[in-house]
Every structure is written in structure tokens, then in C-alpha cells.
Amino acid sequence: MQLLLTVMGTNAEVVSHLLAKNPNNLYERGEKGLTVRLVYPKFSSEEVQVLIYVKPDPIELVKNSPDLYDITHYINDREFAASSIFVSSIRKALGTALNGKPKEEFNAWVGHLFEMELSFGPIATDLRDQEIEALFMPIGYQVEIERSQSFIREKSSARFVKLKGNQTVQMALRHVSILIPVMDNYKHYFIDEREIEKLDRYGEGWLESHPLKAMILKRSLRFQNMISQSKFYEKETNSVKIDEPSKIRLNDLRYEAIINYVKALAKKESIVDLGAGEGKLSVQLGFLDGIKEIISVEPSNKARLRALDRFELAKGKHGFLEPISVTGSLFYFDDRLRNKDVMILCEVIEHINEPRLPKIFETILKDYRPGVLIVTTPNQEYNAVYEMKEEMRHADHRFEWTRKEFKRNCENWSSPFPYQLSYQGIGEEHPIYGHPTQMAIFTRKGDSHS
């Protein structure tokens, strides 16, 4: 377990006074059965490195476990991983810096912004890379995440995090002291009022406006009666699901990919958003230049009413073309949808029983004949990144396809008709499992759309 803090620039050596640790002396202390060491691998007026290292006793880590007589509880990552155990063990060593109480002559440096890097890992976490980035980027860090090599399994879960930014030493240490346990989501100690006091103190000045505040509170304090006692608690944010930020982020990436593709088309005057739901994509299409008609098709009246509210809110904004809301379904032919420049099926097909899809695509490609058809759907292979097994990403999904299955089906649907196919991935690419969302583009041959 280790944390490496690197400070660069003029007067970097002041960091030793903010930490109240002499660079000429090895700091070594016992802390609840662990050995905590603090050393300076580099020390100059222009660059200082501070390495905080914790060596646990693996037997002590499991002594009070309820699974004491189960031999498998000795097999865990707690001896090596940057976790809540690590943070609680180094807190005393970093107390002077965390509390901003150096010797009086160095008080002015407590609020000084240094150019710095913080590296820690391997981190024990169930969060995805995007969620880790979403924890640190809003508070001023660039985030780099590396995965270690594994000779045992195809996908290594060990990740190392490097943060870069201009921060005060106090605030940087407060950030990691709160957010490493949030990533870990494992509490080896009893959560009581002292945990609330620590969160309220170390979160001051940054947690108030953090977009993932509700998630941080939930994973820090666990229990509703504890969460509600924090000064950062807001009743209306408490219902936010932990995984919602990443879900919204992926939706945004899907919309962005579709919008960017449509924007680059030469012919895009008429667009059909088929299975438009609550109209989120239709609204974004309404702000694109060169579009003269958007037909937003949705079978659910409840979703259509919400879409109409969205359209009404956007009507007053400059350059907005209001979509036409239509009650319709993929299962019924609608003559109004024929011969449009672009037709879009964004995260729709996986909600339909597979045997019905060939007839639906025959109707689209033979009868509707759009110049360009854009189809997105989840990539089932990427579910391994989410550590999912047989379950699907949504309870209403009837299937989720691998990249090979998606391409095979798209080729089968398009082969009788004059369309050529291309593919794109959407979201963060995994070297083995690809992107979380896959997108197919059917372009009618002979039509100059690109």
C-alpha cells in the first residue's frame, strides 16, 4: 500500500514543513498492527517526492473477521491494495498537513497551489474507469489509469491511478483521504459519528459542489441515518443511484456520436428518430443546422408527453427546430416515414424479441428506404468490464449481442437491399472487449449522403 506525492516548482521543499516531516529522517511508526513509513525519494528546491508506505500484517488483518474459521478469508487483496485500511493508517502521519497546522512561519504556504502529481495503487474498487475519472476531474485533476499485466487471467482488475493538477498540499491529501475509501467501498471499521465529522471536515471547500456528492456520501457513510447527519446531505439528491453518473455519461456519448455523424452528412434535411422515448436525442437534433424536419416516433404516450415538455422548453432557444411528435411503432408501417434522409434507432432493438427483427429491418430498408440508417445497441462483451455475468444491463432487454453477432445480423438484414455497412464503437474502448456501445451505419448505395 503506497501513495507517492510529487511536488514541482519553486519552493517545493516547503512541503516538508507542511507535512512536519524532516527529509533527513526516516519516519516509521506502528499503527494498529501496521507499519507506516514516510520517506523522500527526491528532495530539492524544484522537486520533492514524498512516499508514504504501509506494510500490514496479513494475519492481523483478519484476526477479528467473522469468518475467522474459514481458511479462504486469508486469500484477499488487503495486504497490497490502496484501500480504506491504507487511508486510516496514514491519517496520523499526515495530520499536520490535513489540518493545515504547520509551524507559524509556514502558515502562508498552507493555501499555496503547487504543481503536483499523486499516484496510488493498486486500488481495490468496483468502480469503472469513467466513474473514477468523474470523482477527480471536477476537483481539478487530470486522471490517468493504468492496468497491470496479468499472467493468470485475461482481464486484470488491478488499476493504478495518477492524478495531476495544481492543488494545495492540504486539499490534495484531503481529496484522497475521502475518495480512496469511496472507491474502495469496503469499511473495515465501525461507522459512527466520528466518520461523519471526518467527512464534514475534510470535505469542506470542495465536496459542497461536487457533482457526485450523493454518491460520495452514500459510499462513505453507508447508512441513511448517518448520511442525513452530514452537513453535505441534501434530501433531494439522496435518491440518486450510485451508478447514475456513468449511465448518463454513456448516454451523452451515444448522443454525441450520433449528432456528430449526422452533422457531417451532406443530406440531412429530414430525420426520423424511431423509438424516441422521452425525446432527449430529438431535442439535440433540433439544434443542428441544415435540418428541416424531425419526426420523433414513440409508442408510449407517457414518454411522448415528457418529450413534448422537452420540446416546449427548447422552443424559445435560438436555432431550435421543434420535432414533430408521432405515435408509432416499429411493428406498424407508417407512410409518413418513407424516403427520409436519416433514420435513427438509438438503443431500441435490444428491447424487441429477436425473431421480430428481420421483418422490422425489411420494412425499414425496403419500404422506408432512408438514405442513412443509424443503429446503436449494447456490446455484450463489454459487460465483463462491468463484472456482469449472465445478467443484462436493463431488465427490459431481450438480448445483448457481441460485436460478431451484431455485424452478422446487420449483414443479413442489409444483404437483399442496396445498402453498405460501416461500424463505430462508442464509449471507452477496452483492449479486449471493445466499446460499451456498438453503432452500425447503413448507407444507401447511390445516395450522396456523406
Side-chain angles (χ1 to χ4, degrees), residues 254-255 257-259 261-286 288 290-301 303-304 307 311 321-377 398-399 401 406-424 438-450:
R254 290 189 196 108
Y255 297 155
I258 292 169
I259 293 294
Y261 193 88
V262 173
K263 191 185 298 183
L265 293 174
K267 292 179 67 177
K268 51 179 179 289
E269 290 189 359
S270 55
I271 297 180
V272 176
D273 185 3
L274 198 50
E278 297 179 4
K280 294 177 183 177
L281 177 59
S282 294
V283 167
Q284 294 192 35
L285 291 166
L288 290 185
I291 297 177
K292 297 181 179 179
E293 178 189 48
I294 301 167
I295 302 177
S296 182
V297 184
E298 172 58 37
S300 165
N301 283 330
R304 284 187 62 236
F311 302 161
L321 173 68
E322 184 177 1
I324 302 165
S325 180
V326 171
T327 301
S329 167
L330 286 162
F331 305 126
Y332 303 103
F333 179 76
D334 188 335
D335 192 62
R336 292 171 294 181
L337 309 185
R338 295 182 64 217
N339 300 316
K340 303 303 180 183
D341 292 323
V342 183
M343 184 171 281
I344 300 166
L345 288 167
C346 178
E347 305 299 288
V348 171
I349 63 170
E350 63 273 9
H351 296 272
I352 300 168
N353 291 328
E354 284 188 66
R356 306 189 75 170
L357 288 172
K359 182 61 179 176
I360 287 170
F361 276 85
E362 181 183 353
T363 299
I364 292 172
L365 300 175
K366 178 185 176 183
D367 299 323
Y368 290 153
R369 300 175 73 252
V372 172
L373 170 67
I374 299 171
V375 181
T376 75
T377 194
R398 310 304 168 88
F399 65 85
W401 283 334
F406 183 50
K407 287 183 179 179
R408 183 177 68 243
N409 281 293
C410 289
E411 288 165 4
N412 289 339
W413 298 331
S414 66
S415 60
F417 309 108
Y419 284 86
Q420 61 186 26
L421 279 165
S422 61
Y423 302 92
Q424 290 184 17
Q438 43 192 340
M439 180 166 77
I441 299 103
F442 301 70
T443 304
R444 190 170 179 82
K445 295 175 183 176
D447 290 359
S448 53
H449 279 85
S450 57

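We're numbering straight along the sequence, starting at 1. Below, each value reflects all heavy atoms present in this structure, side chains not excepted, and no hydrogens, waters or symmetry copies.
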**Steps toward side chain to side chain contact (heavy atoms under 4.5 Å, CB included) verdict (Ile352, Arg398)** = CA-CA 6 Å; Ile352 300 168; Arg398 310 304 168 88; 5.7 Å; no
**Request:** Could you check Val326 against Leu337 for side chain to side chain contact (heavy atoms under 4.5 Å, CB included), going step by step and ending with a plain yes or no?
**Result:** CA-CA 10 Å; Val326 171; Leu337 309 185; 5.7 Å; no
**Residue pair Phe361, Val375: steps toward the side chain to side chain contact (heavy atoms under 4.5 Å, CB included) verdict** = CA-CA 11 Å; Phe361 276 85; Val375 181; 4.0 Å; yes
**Request:** Check step by step if side chain to side chain contact (heavy atoms under 4.5 Å, CB included) holds for Arg369 and Phe417.
**Result:** CA-CA 9 Å; Arg369 300 175 73 252; Phe417 309 108; over 6 Å; no
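Val262 places a side-chain heavy atom less than 4.5 Å from the side chain of Ile374. Two residues are said to be in side-chain contact when any heavy atoms from C-beta on lie closer than 4.5 Å; Val348 and Leu274 fail this criterion. Two residues are said to be in side-chain contact when any heavy atoms from C-beta on lie closer than 4.5 Å; Phe399 and Leu357 meet this criterion. Between Val372 and Leu265 the shortest side-chain heavy-atom distance falls below 4.5 Å. Contact of the Gln438 side chain with the Lys407 side chain is not registered, since no non-hydrogen atoms from C-beta on lie closer than 4.5 Å. Under the 4.5 Å side-chain criterion, counting only non-hydrogen atoms from C-beta, Cys410 is in contact with Tyr423. Residues Arg444 and Pro418 form a side-chain contact, since some pair of their non-hydrogen atoms from C-beta on lies under 4.5 Å apart. Using a 4.5 Å heavy-atom cutoff, the side chains of Ile258 and Cys346 are in contact.
Across every non-hydrogen atom of Lys340 and Val272, the tightest pair is CG-CG2, 3.6 Å. In terms of heavy-atom proximity, Gly277 sits nearest to Ala307 at O-CB, 4.0 Å. Across all non-hydrogen atoms, the minimal contact from Pro355 to Pro358 is O-CD, 3.4 Å. Between Asp273 and Ser282, the closest heavy-atom pair is OD2-OG, 2.7 Å. Shortest non-hydrogen contact noted between Ala303 and Glu298 is CB-CG, 3.9 Å. The two residues Met343 and Pro370 make their nearest non-hydrogen contact at CB-CB, 3.9 Å.
In terms of the ring-ring contact (aromatic ring centres under 6.0 Å, His included) criterion, Phe311 has no residue partners (sequence neighbours excluded). Residues that satisfy the side-chain hydrogen bond (donor to acceptor under 3.5 Å, both in side chains) test with Asp334, not counting sequence neighbours, are Arg336. Remark: Arg356 engages no residue in a salt bridge (Lys or Arg N to Asp or Glu O under 4.0 Å) (not counting sequence neighbours).
Asp341 contributes no side-chain N or O that, together with a main-chain N or O of Ile271, makes up a donor-acceptor pair within less than 3.5 Å. Side chain of Lys263 to main chain of Leu288: no donor-acceptor pair is present (N/O by atom type, distance under 3.5 Å, no hydrogens or angles). Although no hydrogens or angles enter the test, the distance criterion places a donor-acceptor pair under 3.5 Å between the side chain of Glu347 and the main chain of Thr377.
Between atom CZ of residue Arg408 and atom CH2 of residue Trp413 there is a gap of 10.5 Å, rounded to the nearest 0.5 Å. Annotation: the span from Phe406 atom CZ to Glu350 atom CD amounts to 9.0 Å, rounded to 0.5 Å. Rounding to the nearest 0.5 angstrom, the gap separating the CD1 atom in Ile344 from the CE atom in Met439 is 9.5 Å. If you take CD1 on Ile349 and CG on Asn409, they are separated by 8.0 Å, rounding to the nearest 0.5 Å. Taken to the nearest 0.5 Å, the CG atom of Leu321 stands 11.0 Å off from the NZ atom of Lys292. Rounding to the nearest 0.5 Å gives a distance of 13.0 Å between CZ of Arg304 and CD of Glu278.
For the ring pair (Phe, Tyr, Trp, His ring centres under 6.0 Å) test with Tyr368, the passing option among Tyr419, Phe442, Phe333 is Phe333; the others fail.
Judged by a 6.0 Å distance limit and a 45° cone about the ring axis, Lys280 is not positioned over the six-membered ring of Tyr255.
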